[in-house]
Asker: 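Here you go, one structure.
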Number of protein chains: 2
Amino acid sequence: MKESLTIGKLATASHVNVETIRFYERKGILKQPKKVGAFRHYPHHYIARIKFIKRSQELGFTLKEAGELLSLSVKSQSKCGDVLEKTEEKIHEIEKKIKDLKEMKKSLERLANCCEDRSLPLSECPVLECFMVKGKEK
Amino acid sequence: MKESLTIGKLATASHVNVETIRFYERKGILKQPKKVGAFRHYPHHYIARIKFIKRSQELGFTLKEAGELLSLSVKSQSKCGDVLEKTEEKIHEIEKKIKDLKEMKKSLERLANCCEDRSLPLSECPVLECFMVKGKEK
DNA sequence: CTTGACTCCGTACCATGATACGGGGTTTAG
DNA sequence: CTAAACCCCGTATCATGGTACGGAGTCAAG
């Protein structure tokens with residue numbers, strides 16, 4: 001039966017709840033599969049799709065964005081050019097997140113160092129300032 | 001009046017909604033300031049605090065985590081050692097996020113390259129596989 | 001053919017992070 | 001003194017991303 005998973009099997013295999021799969025379908029994130037009788041039957045590659053969604057979410061994409069990324073990979077009627085554009089957009093978003101996180105890390109390291117130097121009560125330590133140096137106006 | 005902002009002034013200055021500030025106070029994320037009569041009066045540095053919360057959130061921390069980070073900076077009764085520990089924990093979390101984002105970026109770049117080579121319909125392109133190579137079991 | 005496991009669907013509910021509303025009190029400028 | 005502008009508080013509502021429930025249909029083994 002490698003070509004057909006019930007929703008329960010799919011859920012187990014991709015480590016999510018059955019309800020979550022139904023939820024994704026209602027939201028249009030996951031394409032509804034063909035039904036055999038009244039029951040959904042999923043091709044095996046849906047496991048990869050769900051894992052992809054979960055991975056995307058872990059990396060800070062919303063469910064909707066995860067769906068967009070997924071559909072880039074899946075829509076065979078789209079041209080490579082279209083895909084490229086959206087993909088590069090996402091790459092830039094990721095780069096920005098990385099950059100911001102690095103700044104945040106630096107701020108925290110400054111805080112850490114600022115404490116390492118002396119084992120004083122924190123009141124002696126200009127911490128908040130330490131944090132805020134790179135605070136940007138938006 | 002550099003030492004006293006009403007909630008409205010604070011909200012304007014830190015680019016959030018008045019309700020958001022009240023919400024943070026209800027949740028214990030932001031310490032309630034002294035009241036002058038019935039009205040909250042905030043020291044000027046609350047602007048920095050709120051900005052800090054917002055910055056943390058942008059970087060993928062929950063409100064609760066943002067509050068924890070903030071309180072690291074603010075609690076003068078905590079010892080540097082305690083702070084150091086929590087701070088380093090957060091640094092590791094950030095490092096992990098950066099690492100994951102870099103992997104995601106690589107995956108997206110592989111997808112992009114895979115499209116760049118040929119301007120074919122995507123159906124010719126083994127995209128989903130391209131994405132999933134680093135998919136990890138959890 | 002029955003029984004148990006699984007599925008169907010709709011609806012309700014949960015947490016998080018806000019945002020809005022409404023009836024009242026206060027404060028300040030004219 | 002009065003009216004606008006602001007603040008108080010509680011409560012309701014919203015979006016996101018699920019999770020749970022319950023009554024009914026279905027499928028597969030014995």
Side-chain angles (χ1 to χ4, degrees), chain A residues 1 3-43 46-47 49-71 93 97 138, chain B residues 1 3-44 46-47 49-71 93 138:
Chain A
M1 292 272 143
E3 279 312 325
S4 210
L5 296 161
T6 62
I7 197 169
K9 297 279 167 58
L10 176 58
T12 303
S14 42
H15 306 288
V16 299
N17 196 304
V18 167
E19 309 299 330
T20 302
I21 296 171
R22 296 207 322 112
F23 173 75
Y24 289 171
E25 286 174 17
R26 280 202 303 279
K27 291 287 172 180
I29 303 302
L30 213 50
K31 202 186 121 200
Q32 286 173 237
K34 285 177 184 147
K35 291 194 180 178
V36 176
F39 289 9
R40 294 166 178 84
H41 275 240
Y42 298 89
Y46 267 72
I47 296 170
R49 292 190 187 183
I50 291 170
K51 282 186 183 171
F52 178 75
I53 292 168
K54 285 298 171 190
R55 180 155 147 74
S56 301
Q57 284 182 309
E58 279 169 25
L59 298 176
F61 293 95
T62 65
L63 191 52
K64 198 175 155 228
E65 286 172 331
E68 284 167 22
L69 285 173
L70 183 58
S71 76
E93 279 172 31
K97 275 184 194 173
K138 65 153 117 171
Chain B
M1 291 277 140
E3 279 312 323
S4 211
L5 296 161
T6 62
I7 197 168
K9 297 279 166 57
L10 175 59
T12 303
S14 41
H15 306 287
V16 299
N17 196 302
V18 167
E19 308 300 330
T20 302
I21 296 171
R22 295 207 323 112
F23 173 74
Y24 288 171
E25 285 174 16
R26 279 203 302 280
K27 292 286 172 181
I29 303 302
L30 213 51
K31 203 186 121 198
Q32 286 172 236
K34 283 175 187 151
K35 291 194 179 178
V36 176
F39 289 10
R40 292 165 179 85
H41 275 240
Y42 297 89
H44 203 255
Y46 268 73
I47 297 170
R49 292 189 186 182
I50 291 171
K51 283 186 182 171
F52 177 77
I53 291 168
K54 285 297 168 189
R55 181 154 146 73
S56 301
Q57 284 183 308
E58 278 168 26
L59 299 178
F61 293 96
T62 64
L63 190 53
K64 199 178 155 224
E65 286 172 331
E68 284 166 22
L69 284 173
L70 183 58
S71 76
E93 279 172 31
K138 64 155 120 172

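First the proteins, then the strands, lettered A, B, ... as listed; each starts at 1. Hydrogens, waters and symmetry mates play no part in the numbers below; they use all other heavy atoms, side chains included.
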Asker: Under the rule for side-chain hydrogen bond (donor to acceptor under 3.5 Å, both in side chains), what residues qualify as partners of A:Y46, not counting sequence neighbours?
Answerer: none
Asker: Atom pairs under 3.5 Å, N or O on each side, protein against nucleotides 25-30 of chain C: can you list them with distances?
Answerer:
none

Asker: Grab the N/O contacts between the protein and nucleotides 13-20 of chain C below 3.5 Å, and write none if there aren't any.
Answerer:
{"residue": "C:dG17", "atom": "OP1", "partner": "B:L63", "partner atom": "N", "Å": "2.9"}
{"residue": "C:dA18", "atom": "OP1", "partner": "B:K54", "partner atom": "NZ", "Å": "2.9"}
{"residue": "C:dA18", "atom": "OP2", "partner": "B:Y24", "partner atom": "OH", "Å": "3.0"}
{"residue": "C:dA18", "atom": "OP2", "partner": "B:Q57", "partner atom": "OE1", "Å": "3.0"}
{"residue": "C:dA18", "atom": "OP2", "partner": "B:Q57", "partner atom": "NE2", "Å": "2.3"}
{"residue": "C:dT19", "atom": "OP2", "partner": "B:T20", "partner atom": "OG1", "Å": "2.7"}
{"residue": "C:dA20", "atom": "OP2", "partner": "B:N17", "partner atom": "ND2", "Å": "3.4"}

Asker: Per the end-axis method with five pairs at each terminus, what is the bend angle of the helix from C:dC1-D:dG30 to C:dG30-D:dC1, to 10°?
Answerer: 10°
Asker: Just wondering, do A:Y24 and A:V16 contact through their side chains at under 4.5 Å, heavy atoms?
Answerer: no
Asker: For the OG atom of B:S14 and the CZ atom of B:R49, what is their distance to the nearest 0.5 Å?
Answerer: 12.5 Å
Asker: Is the closest side-chain heavy-atom distance between A:E93 and A:E65 below 4.5 Å?
Answerer: yes
Asker: As an exercise, state the distance from CD of B:E19 to CD1 of B:I7, rounded to the nearest 0.5 Å.
Answerer: 7.5 Å
Asker: For A:I29 and D:dG17, what is the distance between atoms CD1 and P respectively, to the nearest whole Å?
Answerer: 8 Å
Asker: Measure the OG1-CG distance between B:T62 and B:L69 for me, rounded to the nearest 0.5 Å.
Answerer: 9.0 Å
Asker: So, using side chain to side chain contact (heavy atoms under 4.5 Å, CB included) as the criterion, who are the partners of A:Q32 when residues are at least two apart?
Answerer: A:E25
Asker: Of the options B:K9, B:H44, B:R40, B:H41, which is the one that meets B:S4 in a side chain to side chain donor-acceptor pair (under 3.5 Å)?
Answerer: B:H41
Asker: Roughly, in whole Å, what's the span from CD in A:E25 to C1' in C:dT7?
Answerer: 12 Å
Asker: Can you tell me the distance, in whole Å, between the CG atom of B:L10 and the C1' atom of D:dC6?
Answerer: 15 Å
Asker: Atom CD1 of A:I21 and atom P of D:dG18: how far apart are they, to the nearest Å?
Answerer: 12 Å
Asker: Round to a whole Å and report the spacing from NZ of A:K35 to C1' of D:dT26.
Answerer: 13 Å
Asker: Verify the contact: side-chain N or O of B:R40 to OP1 or OP2 of D:dC7, cut-off strictly under 4.0 Å; return yes or no.
Answerer: no
Asker: Is NZ or CZ of A:K97 both nearer than 6.0 Å to the six-membered ring centre of A:F61 and within 45° of the ring axis?
Answerer: yes
Asker: Would you sort out whether A:I50 and A:T20 count as a side chain to side chain contact (heavy atoms under 4.5 Å, CB included), showing the intermediate values?
Answerer: CA-CA 10 Å; A:I50 291 170; A:T20 302; over 6 Å; no
Asker: Under the salt bridge (Lys or Arg N to Asp or Glu O under 4.0 Å) rule, what pairs show up with a residue in residues 26-35 of chain A, not counting sequence neighbours?
Answerer: none
